[in-house]
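Before any comments, here is the structure.
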Amino acid sequence: MEYIIYLKLNRNIRTKTTGVRIKDMGTVYCAQPGIKNKVENLKILDIPEDQKDKTVVSVLYVIEKINKALAGEKNMCRVESVGEQDCVISRMPEKGHGTLRERIEMALVSLTVFFGASFAIMTYNEDVDVRGVFGKMYEIFSGTAPEAGGILELTYSIGIGIGLLIFFNHFEFGKKQRDPTPMEVQMCQYEEDVIHTVVESSERRGEEKDVD
């Protein structure tokens with residue numbers, strides 16, 4: 001009797017162990033539980049403790065390992081891939097709940113983003129002369145030139161803050177499901193670009209785990 005093994009590899013995985021098994025890389029389905037369990041626990045590679053680079057593994061390399069492991073099975077087995085062609089593996093070493101260095105780095109990044117956004121907004125306001133526009137509007141409607149900042153500047157400043165919160169989807173009242181924010185979408189797109197570049201670079205350098 002022939003059993004079909006369906007293999008669905010993930011595009012990108014992070015593991016905290018040095019030994020990477022198929023169940024760490026994706027999902028396996030087979031009508032025979034014994035074969036499914038054997039394939040899931042099949043070790044594909046060992047990542048050195050000091051390795052920092054990502055490892056790219058081809059689905060053909062995984063299928064080759066499965067066929068060799070099941071060569072002694074009485075029943076015929078056929079592997080069908082229904083997932084990604086390449087799997088990018090990153091090893092994440094065990095860490096505590098935030099070291100002092102990590103907290104300092106997070107604080108520096110937060111400050112950079114905060115002051116960078118503030119500088120961008122102020123530069124835009126000066127470039128389009130928002131103060132001058134508000135002064136003209138105030139003079140048109142009141143008949144007198146403003147001596148200092150007034151209600152228009154105040155409401156504009158508050159509106160920027162509220163607009164950013166709404167744009168980044170932080171108000172979810174009444175929603176049955178949570179939609180990803182624009183920032184999450186951009187980060188996901190960035191991650192996809194990084195994975196694609198890693199795969200292409202590994203193929204060029206001949207470092208991808210593939211069949212001979």
Side-chain angles (χ1 to χ4, degrees), residues 1-99 102 169 172 175-212:
M1 183 176 180
E2 183 182 51
Y3 288 102
I4 301 177
I5 302 170
Y6 294 97
L7 176 65
K8 182 182 179 182
L9 291 184
N10 295 324
R11 181 70 166 167
N12 182 34
I13 67 166
R14 293 179 175 85
T15 179
K16 294 182 179 180
T17 60
T18 56
V20 180
R21 305 180 185 276
I22 292 182
K23 64 181 180 181
D24 301 322
M25 301 173 62
T27 308
V28 177
Y29 173 78
C30 182
Q32 175 57 256
I35 297 177
K36 176 178 180 293
N37 183 66
K38 185 174 182 178
V39 172
E40 285 181 333
N41 289 280
L42 180 63
K43 184 182 288 188
I44 298 300
L45 57 91
D46 288 303
I47 302 177
E49 290 281 352
D50 57 345
Q51 179 174 323
K52 296 182 180 180
D53 295 335
K54 295 178 173 60
T55 304
V56 181
V57 179
S58 168
V59 67
L60 295 179
Y61 182 82
V62 178
I63 292 175
E64 183 184 44
K65 290 284 188 180
I66 295 174
N67 289 334
K68 289 181 179 179
L70 299 180
E73 290 287 335
K74 296 180 180 179
N75 297 311
M76 295 290 293
C77 296
R78 178 161 54 92
V79 184
E80 289 193 7
S81 174
V82 295
E84 298 289 342
Q85 296 181 355
D86 299 285
C87 179
V88 179
I89 304 173
S90 307
R91 185 170 182 275
M92 309 296 291
E94 296 283 352
K95 292 184 178 181
H97 297 286
T99 61
E102 291 176 343
N169 203 21
E172 301 177 0
K175 289 187 178 181
K176 293 185 178 180
Q177 73 177 44
R178 179 183 177 275
D179 296 327
T181 66
M183 181 63 71
E184 290 172 334
V185 173
Q186 290 299 318
M187 291 300 296
C188 183
Q189 183 62 49
Y190 171 75
E191 186 177 8
E192 286 294 324
D193 293 340
V194 170
I195 293 172
H196 178 74
T197 304
V198 169
V199 173
E200 292 292 332
S201 299
S202 297
E203 290 178 352
R204 293 195 194 99
R205 296 193 300 264
E207 298 177 353
E208 180 182 14
K209 295 291 184 180
D210 205 347
V211 293
D212 297 328

Side-chain heavy atoms of Lys23 within contact of Asn41, under 4.5 Å = yes

ask   = In Å and rounded to the nearest 0.5 Å, what is the CD to CG distance from Glu84 to Leu9?
value = 8.5 Å

query = Do the side chain of Asn37 and the main chain of Pro33 share a donor and acceptor less than 3.5 angstrom apart?
reply = no

Passing option when Glu191 is tested against Val194, Ile195, Asp193 for side-chain contact (heavy atoms from CB on, under 4.5 Å) = Ile195

inquiry  = So, taking the atom named CD in Glu208 and the one named OG in Ser202, what distance separates them when rounded to the nearest 0.5 Å?
reply    = 7.0 Å

key: For the student: nearest non-hydrogen atoms of Gly19 and Lys43, plus distance   = CA-CE, 4.3 Å

query = Does some side-chain heavy atom of Thr18 sit less than 4.5 Å from a side-chain heavy atom of Arg91?
reply = yes

ask   = What is the minimum heavy-atom distance between Leu42 and Lys65, and which atoms define it?
value = CD2-O, 3.6 Å

task = Output the distance between atom SG (Cys87) and atom CG (Asn12), rounded to the nearest 0.5 Å.
result = 7.5 Å

note = When every non-hydrogen atom of Tyr61 is compared with those of Asp210, the smallest separation belongs to CD1-O, 3.6 Å

message = Give me the atom names and distance for the closest heavy-atom approach of Leu45 to Val57.
response = CD2-CG2, 3.3 Å

request  = Indicate the atoms forming the closest heavy-atom contact of Gly26 with Asn10, along with that distance.
outcome  = CA-ND2, 3.7 Å

inquiry  = Nearest 0.5 Å, please: how far is CD1 in Ile89 from CD1 in Ile44?
reply    = 8.5 Å

task = Taking all heavy atoms of Lys38 and all of Ala69, pick out the closest pair and write down the distance.
result = NZ-O, 3.3 Å

inquiry  = So does Arg21 get a backbone contact from the side chain of Asp24, meaning a donor-acceptor N/O pair under 3.5 Å?
reply    = yes

Gap between atom CD1 of Ile66 and atom CD of Glu40 - 0.5 Å precision = 10.5 Å

